[in-house]
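Below is one structure, written out as structure tokens, with a few remarks after it.
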Number of protein chains: 2
Amino acid sequence: MRDETDKTTTDAQMTIRQICDAYDVTPRALRFYESKELLFPIREGQKRLFTRSDRARLKLILRGKRFGFSLEEIRQLLNLYDADDQHLTQLEQTCVIARERLVDMERRRNELDLAIEELRDQLKWGEEKVASLKTQEN
Amino acid sequence: MRDETDKTTTDAQMTIRQICDAYDVTPRALRFYESKELLFPIREGQKRLFTRSDRARLKLILRGKRFGFSLEEIRQLLNLYDADDQHLTQLEQTCVIARERLVDMERRRNELDLAIEELRDQLKWGEEKVASLKTQEN
DNA sequence: CGTTCCCTTTACGCGCACGTCAACTTCACT
DNA sequence: AGTGAAGTTGACGTGCGCGTAAAGGGAACG
């Protein structure tokens, strides 16, 4: 039974509300991520305290979401980022997943580059058309 | 053989099954996209025939999905790609949306570049750890 | 003491993007 | 005429990612 809070890590622990304000997420989402084992906040009594590690993971979660990764895919990725305590075979498997993800992300970037170029061209065309329509109108 | 088919566009019209095989989507998905006004296959009797335009749009749909865009967001984007027949105010509004999307996509690309670098580093670290664990083991 | 917050769990609900029947029609082939 | 393959329109079901009450605990304040 530990009766004292650890002073050395206190500054790294944030309440659920602080996290919500800082990262623009809802309490519900954070609890949901915990239930899906993407976050592991420690407990002080009933209340959750989010550590530095949790915040780092949360950043990766939010980023992953922006790229259309599912929470399950993100969970697998997160394992790579704190794989310190994993066994050899587990770590090797994590690396395999990471390599796949890396290839996937590189493919996405190429696609994204292409999409950006196309959209730029299309936008340019649209703006020119707007301009021609405006001069033609008067 | 029906003599009324236009030989010049026949190769541009594909049945739902051909589309499904070519783009790895289900009939259900294609009908769903049509119901949400992302695709506009022409009808020969009851059957849908997907034109070149539909296939171009489908490519953009699938790409958009990979980046986590909703179908509604994709629909708005698609409007830019065949905005020929739009009115001035409508076209201007489309351009506004396109500019927002463009900024968004460029921000995503920067994030993706960062994420790729981080994952690369992490993977390198993991592979080194695997190597050290293997030599240490023997 | 009661009230006000903030937090908790439990549980049901919802929008999206389809999947999955069910019940046809239409066409090709035998 | 019969059979089968492929297409059609509803209508309901499903998994994900939470939203949203409902009901309650605990501490802080007047």
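- When hydrophobic side chains of Ile, Leu, Val, Met, Phe, Trp and Tyr are connected at separations under 4.5 Å, B/L49 ends up clustered with B/I42.
- A heavy-atom distance below 4.0 Å to DNA chain C is reached by these residues of residues 17-34 of chain A, ordered by number: A/R17, A/R28, A/R31.
- The phosphate of D/dC18 (OP1 or OP2) has a side-chain N or O of A/K65 nearer than 4.0 angstrom.
- Atom CD of B/E73 and atom P of C/dG15 are 18 Å apart (whole Å).
- Remark: B/Q90 pairs with B/Q86, B/H87 by the side-chain contact (heavy atoms from CB on, under 4.5 Å) rule, at least two apart or across chains.
- Taking atom CD of A/E44 as the reference point, atom P of C/dT8 lies 11 Å away to the nearest angstrom.
- The side-chain contact (heavy atoms from CB on, under 4.5 Å) search around B/E72 returns B/S70, B/R75, B/Q76, not counting sequence neighbours.
- If you take CD of B/Q46 and C1' of D/dT9, they are 8 Å apart, rounded to a whole angstrom.
- In this structure, the CZ atom of B/F69 is 17 Å from the C1' atom of C/dA17, given to the nearest Å.
- For the pair B/E118 and A/Y81, the tightest heavy-atom approach, listed with the atom from each and the gap, is C-OH, 3.9 Å.
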message: Go through it in stages, so that I can follow the logic: the residues are A/D104 and A/R108, the test is side-chain contact (heavy atoms from CB on, under 4.5 Å), and I'd like the CA-CA distance, side-chain angles, deciding distance and then a yes or no.
response: CA-CA 6 Å; A/D104 186 35; A/R108 280 183 190 226; 3.6 Å; yes
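- When rounded to the nearest whole Å, the span between NZ of B/K47 and P of D/dA5 equals 14 Å.
- Partners of A/R31 according to the side-chain contact (heavy atoms from CB on, under 4.5 Å) rule, which considers only residues two or more places apart in sequence or in another chain, are A/I16, A/P27, A/R48.
- The phosphate of C/dC16 (OP1 or OP2) has no side-chain N or O of B/K36 nearer than 4.0 angstrom.
- By the side chain to side chain donor-acceptor pair (under 3.5 Å) test, B/T26 pairs with no residue at all, sequence neighbours left out.
- Atom CG of B/L71 and atom C1' of D/dC16 are 15 Å apart (whole Å).
- Nucleotide C/dC6 holds its C1' atom 16 Å from the CE atom of A/M14, rounded to whole Å.
- Contact between the side-chain N/O atoms of B/R48 and the OP1/OP2 oxygens of D/dT9 is found at a separation under 4.0 Å.
- What separates CD1 of A/I16 from P of C/dC5 is a distance of 19 Å, to the nearest Å.
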